Amino acid sequence: MVMASSTGIQGDDFRYLIVRPDKGGIWDVLKYSLRGDIECGSKFLESSDQGVVGGEAADHRWIILVSIVACRIIHFLGKPMELTGYGVDFFLSLLSQNGSLFGLFYNLLRGDIVIPKRGTETFISTIGHLDERMDLYQAKNLVGDLHNSTPGEGIKNVELDDRATMDLCVMASKLAYENAEVVRNVVVHHWKMHFVDFYDCWDDYQKKKSTQVFLLCDKPKDATLILISFRGTEPFDLHMGFLEALGVGNREDTASFHYHLQKRSTKHCYPEAAEVESSNEAILFPIVLVLHDETNLLQKLLGVYTFGQPRVGNKQLGRFIEAHLNHPVPKYFRVVYCNDLVPRLPYDDKTFLYKHFGVCLYYNSCFIEQKMDEEPNKNYFGITHMIPEHLIAIWELIRSLTMGYTHGPEYKEGWFSIFLRVLGLSMPGIAAHCSVNYVNSVRLGKS
């Protein structure tokens, strides 16, 4: 699905163009792609200005066809992928709770097998099994500084280590993939912080609870730090529509986007606490805050950290949000690890127009940090990058087998993480998106 407004984010004259793959058949797709039949292509388009539909179908045939095919593939694979995800989560938790594959067979022979129960603090997600670390990098220093701060002092006056703050964000980003009980257990017992709540939010377009977020603060009263962590795209969840996930519209009712995105003045009171957000699509949340004039909350915002985030908008969106998140100092940091494929999507070219914005903290395969506007090889695919990408994937696999010896037992990777790296040798960008790489980059990174 593609939606565009030609008058800007806050324009009163709301104009849009939506690609609707369900409005035509396979024969229409073939005639549009092979013969350039504009009438067939127009069937897939819905616009606020019907007079431009034919011209758009002719001028942007490539991007419209890609959108149609991509959406149909996602729709076709969505349910099988979701069921596969349930199965993988269950199988990994089954192995974990029974000790190992050997332990599972042993318990089966004894008739004492442990059956995982979803929604409990022992049922860990696929992401959690890829990286089983739960404790923070500098938990004592971070929590101690926060707990000992004077009420109303504000986080900018508390001496927090940047690495400890980023580690809290990347660990919260990883933790967002777990269920509420797992999150509560880790926040309270491992991080010694106050768990506020876990929200499983309804997506009115997808007709399911597809957006998850949890909140924590450093202490129940007079909090110095509030952290909001949004769950990114899950490994087995294919979807399109981040704005709908945030509840700012429904493509079945296009006027709802205009209603929710128009700038409205609101009056709210907030605690004297700064806020840190983490996870992939967290950047859309402050955009909504800007649109709704939440200036008090934005002023208290310490930073927005995303890890392996895809592109979410065009150049105009970037300029709009940077004007609010870059003053007086940059507050939006986009962390990218080496050859991660996801930050290179969707394409940034003359057809797709997707652009990154904000400060890019790029880590290479040796965890050396570089601050830049755009990660190298911004669209990933290319003949000149193919051989280096595969060589780096081989190096990462070898390193995963030795990390426990060279850096300590907490960096030892499990069999599932190593298995993913083996699979990733065929397409290195997928394995590079693993949370293990991002946690290691933050903890071992050299600026």
Side-chain angles (χ1 to χ4, degrees), residues 1-5 16-38 40-47 53 56-85 203 205-208 210-211 231-246 248-252 254 257 280-281 283-284 308-315 317 340-356 377-382 426-430 432-433:
M1 305 283 181
V2 177
M3 184 169 184
S5 171
Y16 62 87
L17 176 70
I18 301 179
V19 179
R20 302 295 297 266
D22 56 320
K23 298 302 182 181
I26 297 296
W27 185 240
D28 293 310
V29 175
L30 291 176
K31 289 199 292 185
Y32 183 43
S33 60
L34 299 177
R35 291 166 42 188
D37 192 315
I38 303 305
C40 291
S42 299
K43 292 181 180 180
F44 298 99
L45 300 181
E46 176 184 329
S47 175
V53 168
E56 294 291 338
D59 296 339
H60 301 287
R61 184 166 58 141
W62 166 240
I63 188 172
I64 292 171
L65 280 170
V66 169
S67 300
I68 293 171
V69 173
C71 289
R72 284 181 174 254
I73 291 174
I74 288 174
H75 179 74
F76 178 76
L77 295 178
K79 197 62 178 180
M81 288 289 288
E82 183 181 2
L83 294 176
T84 300
D203 186 323
Y205 175 72
Q206 292 183 307
K207 302 301 180 185
K208 65 178 183 179
S210 62
T211 304
R231 182 182 299 183
T233 303
E234 298 186 72
F236 300 96
D237 180 23
L238 301 176
H239 73 92
M240 299 180 75
F242 297 124
L243 287 177
E244 287 159 324
L246 276 176
V248 292
N250 186 322
R251 71 195 70 186
E252 298 297 339
T254 51
F257 286 100
N280 286 354
E281 285 75 44
I283 187 55
L284 292 177
Q309 175 206 303
R311 297 182 178 99
V312 297
N314 60 12
K315 186 184 298 183
L317 178 67
D340 186 351
L341 172 63
V342 177
R344 276 88 174 180
L345 298 174
Y347 259 39
D348 173 7
D349 58 21
K350 293 181 180 179
T351 301
F352 288 88
L353 302 178
Y354 282 92
K355 301 291 182 182
H356 271 310
N377 185 19
K378 68 177 183 178
N379 286 326
Y380 187 76
F381 297 104
S426 60
M427 193 167 184
I430 296 178
H433 189 61

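Since this is a predicted model, take the numbers as computed values, not measurements. Side chains included, hydrogens not; waters and symmetry mates left out as well; all remaining heavy atoms used.
Shown here are the side-chain contact (heavy atoms from CB on, under 4.5 Å) partners of H356, two or more places apart in sequence or in another chain: Q309, R311, R334, P343, E374, E375. Every residue two or more places apart in sequence or in another chain that forms a side-chain contact (heavy atoms from CB on, under 4.5 Å) with V53 is listed here: S42, L45, S47, Q50. By the side-chain contact (heavy atoms from CB on, under 4.5 Å) test, F381 is found to be paired with L341, Y347, M427, residues two or more places apart in sequence or in another chain being considered. For the side-chain contact (heavy atoms from CB on, under 4.5 Å) test, residues two or more places apart in sequence or in another chain that qualify with S33 are L65. In terms of the side-chain hydrogen bond (donor to acceptor under 3.5 Å, both in side chains) criterion, residue partners of N377 (sequence neighbours excluded) are, by chain and number, E389. Residues forming a salt bridge (charged side-chain N to carboxylate O under 4.0 Å, His left out) with K43 (at least two apart in sequence, or on another chain): D28. With sequence neighbours left out, the salt bridge (charged side-chain N to carboxylate O under 4.0 Å, His left out) criterion links D348 to K355, K378. Applying the side-chain hydrogen bond (donor to acceptor under 3.5 Å, both in side chains) rule to N379 yields no partners; only residues at least two apart in sequence or on another chain are considered.
Residues in residues 63-79 take part in these salt bridge (Lys or Arg N to Asp or Glu O under 4.0 Å) pairs, two or more places apart or across chains: K79-E82.
Taking 4.5 Å as the limit, every side-chain heavy atom of L345 sits out of range of all side-chain heavy atoms of Y354.
In this structure, SG in C71 is found 10.5 Å from CZ in R20, a value given to the nearest 0.5 Å.
No donor-acceptor distance shorter than 3.5 angstrom exists from the side chain of Y380 to the backbone of D340, with no hydrogens or angles considered.
Residue F44 comes nearest to P21 through the heavy atom pair CE2-O, 3.6 Å, listed as atom of the first residue, atom of the second, then distance. For the pair A57 and I38, the tightest heavy-atom approach, listed with the atom from each and the gap, is CB-CG2, 4.0 Å. Of all the heavy atoms in L317 and N314, the pair that sits closest is N-OD1, 3.0 Å. For the pair V29 and I68, the tightest heavy-atom approach, listed with the atom from each and the gap, is CG2-CG2, 4.0 Å.
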